[in-house]
Amino acid sequence: MTTNIPNEALKRTHTCGQLRASDDAQTVTLCGWVQSYRDHGGVVFIDLRDRDGITQVVFDPDAGEQQHSLARHLRDEWVISITGVVRSRGEDRANDKLGTGEIEVFSKNLIVLNRSEPVPFQLDEHHTTGEENRLKYRYIDMRRPAMNNALRMRHAITKAMRDVLDARGFVDVETPMLCKSTPEGARDFLVPSRMSRDGFYALPQSPQLFKQILMVGGIDRYYQIARCFRDEDLRADRQPEFTQLDIEMSFATEQDVMDTTDEVLRKVTAACDIDYPETVAVMTYEEAMRRFGSDRPDLRFGMELCDISDLVADSEFGVFSGAVKNGGTVQCIVVPGGADMTRKETDGLADWSKGFGAKGLAVTKVAESGDAFETGIAKFINPLAASLIERTGAKPGDLLAFGADVMRVVRRVLGELRCKLARERDMIDPAAFEWLWVTEFPMFEHDDEAGRHVALHHPFTAPFAEDWDAYQAEPTKMRSRAYDIICNGLELGGGSIRIHTPEMQKAVFNFLSISDEEAEEKFAFLLDALKYGAPPHAGLALGLDRVVMVMLNLPSIRDVIAFPKTQKGSCPMTAAPGIVDEEQLTELSLQMIPEEGSKTAPADKAEEADPLAGML
RNA sequence: GGGGCAGUAGCACAAUUGGUUAGCGCACCGGCCUGUCACGCCGGAGGUUGCGGGUUCGAGUCCCGUCUGCCUCGCCA
């Protein structure tokens, strides 16, 4: 049945989404999958689907007994070719749910190209299945228009990126996948090799150092759609392997990189029929943290943080005055109409806030009168009602949620809270796209656990010269020349002006407690390169998966990746990662270490549970 | 590593307080049907209730453990 397919059967004249009434009486050949069959005993209808749409095909007994009986055997997802004549369906028989609904194809020649066993899940829009199943049978899932479209749009987006960068003289250069493990940053995926008994490659977390070295090499303008690898726990927007649009430019300022990125994103959004602002708002890290409690604020809604520390410093309410006295802060957000929340709901928020390090979450509601609070902590703060309501602009029926703690915790909790409430209370326009550049990040952050400073962006980011001179003794006050592009509260990309002198690079390493010796051992190639005429350079990387996810308004990057991994990093389709032969390990000079407290324990326990086990 | 939700036929779901032979729809198989479009009608087959233990006269249901998937905190320069 599947052998000897005539070549003509594969010569499609149209896709299944193309034909219209104006094609009436044409002879056409279509190929595709059977989406549904409706056998009336006499006439048989088939919905034929390909990447482009669905066309109804009709088989009539009059067209020949052999053909008709073959048509009656068709089942879901069989692959067929039909040649036939387009017939206008007329007003009464048209199907306005289909783009091709005004016509049908009267089949003259049906050829079964391949049969299909009943598929593990149904493909029409009325059925769904779990994600694990979709990943295991990804080739079936991909036939769904939504999934098919996501991959097509991903292509349209990468093409738009390439077009812009090509027009601006950027050169696509490939960088190695087998790299050297470097300290700092995420956990590396390591790759052993037969050729080296004790050496390991690492898969690149990003092509960062290679692209900088390309600048030293005079490439001037580089881009790459690069696969990156990080062995960290996964999320809806994080995969162990992901893709970046990686860009680097010589002799460039922040503005040059941001302009280039804006133009890339303008073309990308245009490809997705989405507007991009003439000029994207720019906000410093400090302002973003102060107003939104986040370095990637979502500007689709308000509820900005309001600092009331000065108003409550002398309050009788010890939780507030105490926080201020201990050098902390008291801030709040106003939830419009939030007075409709129940005690149970606000208690739930307090519990939730503990997950971000808060001790709790105080709330109160603005009374109808508009000049007093009721419920929650009202009785403690009503003496300050007038000044608090004036400061916050709260209206009757609003809810105030307070954080009182050290600055870091208060901003984090209220910043997360405003996003959570906006989401849950339908305060977000699903069609809105709010873009923002965040700049002037801190250069260093103190890692209390490790007892040292770590780079907020990465250790190759240049500080502002004036900060470098001013804050040698207080490195956390230094700002870096880094910038992030934010859309709807999601970090889509980031970059920086790079350090281009070996002296500065070593000095920054020293702040990170990387000694000259260690720097020499781990980063000799970079330090060497910087010695030999490295031009000033800057760049940025966009998270391609996230860009596509945001453009298509999807909840997970797994929906825009052809073959993604599960949260534990496995692939249900190929069953990777898999066990390898002892022989392969030996060849690599590797040995498995048995798991600690391994599986013998439960078996012992089971025996103990049955006192007769040993006696029978 | 921590917290949360879920797992019943190929798929999606139901099963009262722990109580008869675990049900329904789609898909599948057989039959009927010449204008359907998620076609319809008649009949049939299909189950280790994720896995392992426990409580009980009796467990899909309760308890413990475990596996898998998803969300999340930590982590992710």
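Below, chain A is the first sequence line, B the second, and so on; all start at residue 1.
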From CG (A:Leu19) to OG1 (A:Thr55), nearest 0.5 Å: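 Reported to 0.5 Å precision, the distance equals 5.5 Å.
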Using a cut-off of strictly less than 4.0 Å, decide whether [X] has a side-chain nitrogen or oxygen near OP1 or OP2 of [N].
| X | N | answer |
| --- | --- | --- |
| A:Ser36 | B:C26 | no |
| A:Gln567 | B:C71 | yes |
| A:Asn133 | B:C11 | yes |
| A:Arg38 | B:U36 | no |
| A:Arg72 | B:G31 | no |
| A:Lys568 | B:C70 | no |
| A:Arg235 | B:C73 | yes |
| A:Tyr37 | B:G40 | no |

Inter-nucleotide C1' distance (B:U20, B:U34), Å rounded: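 Their C1' atoms lie roughly 47 Å apart.
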Sequence neighbours excluded - side-chain hydrogen bond (donor to acceptor under 3.5 Å, both in side chains) pairs with any residue from residues 85-96 of chain A: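 Qualifying pairs, neighbours excluded: A:Arg87-A:Glu104.
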Options B:A38, B:C76, B:U34, nucleotide nearest the side-chain atoms of A:Glu232: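 For the A:Glu232 side chain, the nearest candidate turns out to be B:C76.
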Side chain to side chain donor-acceptor pair (under 3.5 Å) partner of A:Gln212, chosen from A:His500, A:Glu248, A:His537: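 Checked A:His500, A:Glu248, A:His537 against A:Gln212; only one passes side chain to side chain donor-acceptor pair (under 3.5 Å): A:His537.
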cation_pi(A:Arg479, A:Phe464) dist<6.0 Å, angle<=45: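 Yes, cation above the ring, under 6.0 Å and within 45°.
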Nucleotide paired to B:A59 in any strand shown, Watson-Crick or G-U, under 3.5 Å: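 Here B:A59 is not engaged in any pair, so there is no nucleotide opposite it.
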Can you give me every donor-acceptor pair (side chain of residues 58-65 of chain A, partner residue at least two apart or in another chain, under 3.5 Å) with its distance?
residue	atom	partner	partner atom	Å
A:Asp60	OD1	A:Asp62	N	2.9

d(CZ, A:Phe121; P, B:A27) in whole Å: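 Atom-to-atom, A:Phe121 to B:A27, this comes out as 16 Å.
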For RNA chain B, the residues among residues 443-452 of chain A that have a non-hydrogen atom under 4.0 Å from it: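 RNA chain B contact set from residues 443-452 of chain A: none.
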